[in-house]
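Some notes on the structure that comes next.
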2 protein chains.
Amino acid sequence: MTMSSSSTGGRRRPPTIHDVAREAGVSRGTVSRVLNGGHYVSPAAQEAVNDAIRRTGYVVNRHARSLITGRSDSIGFLLTEPQERFFEDPNFNVLLSGCTQALAGHDIPLLLMLAGTKDERRRITRYITAGHVDGVLLVSSHSGDRVAEELREAGVPLVQCGKPMGPGSKVSYVAADDRDGARDMVRHLLDTGRRRIGMITGPLDTPGGVDRLAGYREVLTEAGAESDEGLVVSGDYSRASGEAGAERLLAQAPDMDALFVASDLMAQGALAALHRAGRRVPDDIAVGGFDDSVAATEAVPALTTIRQPYDRISAEMVRLLLAQIGGEDPAAVILPTELVVRDSA
Amino acid sequence: MTMSSSSTGGRRRPPTIHDVAREAGVSRGTVSRVLNGGHYVSPAAQEAVNDAIRRTGYVVNRHARSLITGRSDSIGFLLTEPQERFFEDPNFNVLLSGCTQALAGHDIPLLLMLAGTKDERRRITRYITAGHVDGVLLVSSHSGDRVAEELREAGVPLVQCGKPMGPGSKVSYVAADDRDGARDMVRHLLDTGRRRIGMITGPLDTPGGVDRLAGYREVLTEAGAESDEGLVVSGDYSRASGEAGAERLLAQAPDMDALFVASDLMAQGALAALHRAGRRVPDDIAVGGFDDSVAATEAVPALTTIRQPYDRISAEMVRLLLAQIGGEDPAAVILPTELVVRDSA
DNA sequence: TTCTCTACTGTGAACGCTCACAGAGCAGGG
DNA sequence: CCCTGCTCTGTGAGCGTTCACAGTAGAGAA
């Protein structure tokens, strides 16, 4: 009934495991065992300890625990893109909340780390290698990025979103099947009678950018199309680059009757450019996007696109990371995409 | 010239302060002093230690440090809004990068924590009170939110963005002068000949929402306007709510010749609604926003708005938080706003 | 009985760091 | 000469926890 002084508001020193042990009439070891699953603890001791914890208001000191276990029970979501991209691209939102949710099931908090500049990357890398998180969910596509390598070398469990650029890289990753998705879209455009199909690619220093272009080219070649000379320009997944890309394509290939854009956000930009040029979508020109983000449904007309299963991607990323933290070897997961037909194609 | 084995890829045990001491030929104490500012260390020792750190690839183990200092040398940026709002509202972007930059000067990493749901808030609050961050920059406006109180009771240094709702609250905060900003905007609308001025307010359970409305009413009253009956509706700062608000106002007060909207994002929505209704801006109706975010310059026509000095706000938040961590008492800072005239009014 | 096995418990020894303290060396003042 | 004060250095203790180990008691088997 009586509250021990340590549970009142203005306490000085937080109670330690030692205080709990004294209060419960057992040893530190027993308290620790209760805290960590309760194996080899008698029911009587179990109860006495739980009571004492309640009475003292004891909270485990995670720094002390981490010091010895080497674990921190938290996970970092590291984004090495410029900050604007993070806010502009709706995919990040979906990915982030997916990961947060997947981790919530394990009661692990997710720490978001934005490292857009070189300086930030240095600071955050040091923070991570100092053991402040048990593992990192890395979202970064560009090949010039050394962060993944650095973290891997430092022995930090890591799962990347999207295929890494280097071929022999031993890093875990989860990705959608970009090539296959691109093939589906281009086939759909061909099936609906389009013949002059242009493409705005993603950044070609990323596997996603390269693979979607490869899928596009494969299908066109299989269909017996001649060269795609003048039909391909590349962007950086931003809205603005989609707009600029479409303008360039319209100038280079005015007879284009379809346009495959490697992200919905770029496709939004492309739609704006097409609209300005007086082309009706899909009557004059069909437009296909990629991602199936909110940008696809918000676009006018709503975009036909390739759905990336972000819910499954984030779930798999978390699963792989926890497995890796548990000692398993890195692994790669490729998930299938799906064609979503709306109004633009 | 030779690299110690610990700096190669597959190291087992990370180097400790002890390894560095041995490598440098000094004691643990001296290494520790170098690590913590280098006071009372001879130049020769200083250099030897720095060399040894470089050679061994030593990174301080922050758990061990934290265990004894009680500090974690990191700061949390806590957002208790639903996640969509975070991505939609460009103000968060600006605020976040401002804080990151301000902290970079102190070499302190910023951890972003999104706690949109009750469950997330519980997890994150526990994480914070367990001492994982030294202080919290809190962005959350709603009054129903108990997070600020909880953290303050747990003794966590805290600075809020925006005035807290409760009157007697002892929590630090930094805010722009919302009332004064609103006054400036409404005066500007009056000065340019407008007479029937409507308003879309922010959420009225936030001081920002209340104060901007108060400023609006004061100026109208001073100008001798009759009741604003039917001229005021409220939104939640989202684009969609601005659109809906403008529609409602158009129905209630078709003779309105100006509209003051409590955020640029809502103003964007309002512009869309006005456009649909065939009203020309600013010819038929003037529109004034609030924030001066990118939404203001992206809007068509570009928004006349009230600039919130987000760069100074974030700098002040960081300054206040660091001061509070250093033992100073909480304080409040109110920063002036500025009228920015563009095309919409 | 005695021995073994199992369930449970307590005790040092870490983990890697900082902090307080003591002590060395040297200068300057009485 | 000693004393004081300064800069610099090393050492032991301890932060709060887990882990390995040793040791106890009681049950069952030999």
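Every chain is numbered from 1, with letters handed out A, B, ... down the list of sequences.
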From the candidates D/dG10, D/dT17, D/dT9, the one with an atom nearest any side-chain atom of B/Ser42 is D/dT9

Rounded to whole Å, the CG-C1' distance (B/Leu67 to D/dA13) equals 13 Å

Sub-3.5 Å donor-acceptor pair from the side chain of A/Thr100 to the main-chain atoms of A/Leu96, do we have one? yes

Taking the side chain as everything from C-beta on, heavy atoms only, tell me whether A/Tyr58 gets closer than 4.5 Å to A/Leu35.
yes

- Message: Just to be sure I understand the rule, does A/Arg33 reach a base, reach only the sugar-phosphate, or reach nothing, if contact means heavy atoms closer than 4.0 Å?
- Response: base

Between OH of B/Tyr40 and P of D/dT11 the distance, given in whole Å, is 21 Å

Taken to the nearest whole Å, CG/B/Asp73 to P/C/dT18 is 10 Å

Rounded to whole Å, CD1 of A/Ile68 lies from P of D/dG14 at a distance of 18 Å

- Close side-chain approach of A/Glu81 and A/Val139, heavy atoms under 4.5 Å: no

Hey, is the side chain of B/Ser32 poking within less than 4.0 Å of OP1 or OP2 on C/dT18, counting only N and O atoms?
yes

Please state whether the phosphate of C/dT18, meaning OP1 or OP2, lies under 4.0 angstrom from any side-chain nitrogen or oxygen of B/Asn36.
yes

Side-chain atoms of A/Val41 come closest, of C/dT9, C/dC17, D/dG16, to C/dT9

Side chain proximity check, A/Leu138 to A/Val159, heavy atoms < 4.5 angstrom = no

Looking only at D/dT11, C/dG16, D/dT17, the nucleotide nearest the A/Tyr58 side chain is D/dT17

Separation of D/dG14 atom C1' from B/Arg65 atom CZ, nearest Å, is 17 Å

Between NE2 of B/His39 and P of D/dT9 the distance, given in whole Å, is 14 Å

Separation of D/dG14 atom P from B/Ile17 atom CD1, nearest Å, is 19 Å

Among C/dG16, C/dT18, D/dT11, the one nearest any side-chain atom of B/Ser27 is D/dT11

Worksheet item: For B/Thr30 and D/dG10, is the shortest distance between a side-chain N/O and OP1 or OP2 below 4.0 Å?
Response: yes

Separation of D/dT17 atom P from A/Leu35 atom CG, nearest Å, is 8 Å

>> Do B/Ser72 and B/His132 make a side-chain contact, defined as non-hydrogen atoms from C-beta onward lying under 4.5 Å apart?
In response: no

The residue, A/Gly29 or B/Arg28, whose nearest nucleotide of DNA chain D is more 5′ is B/Arg28

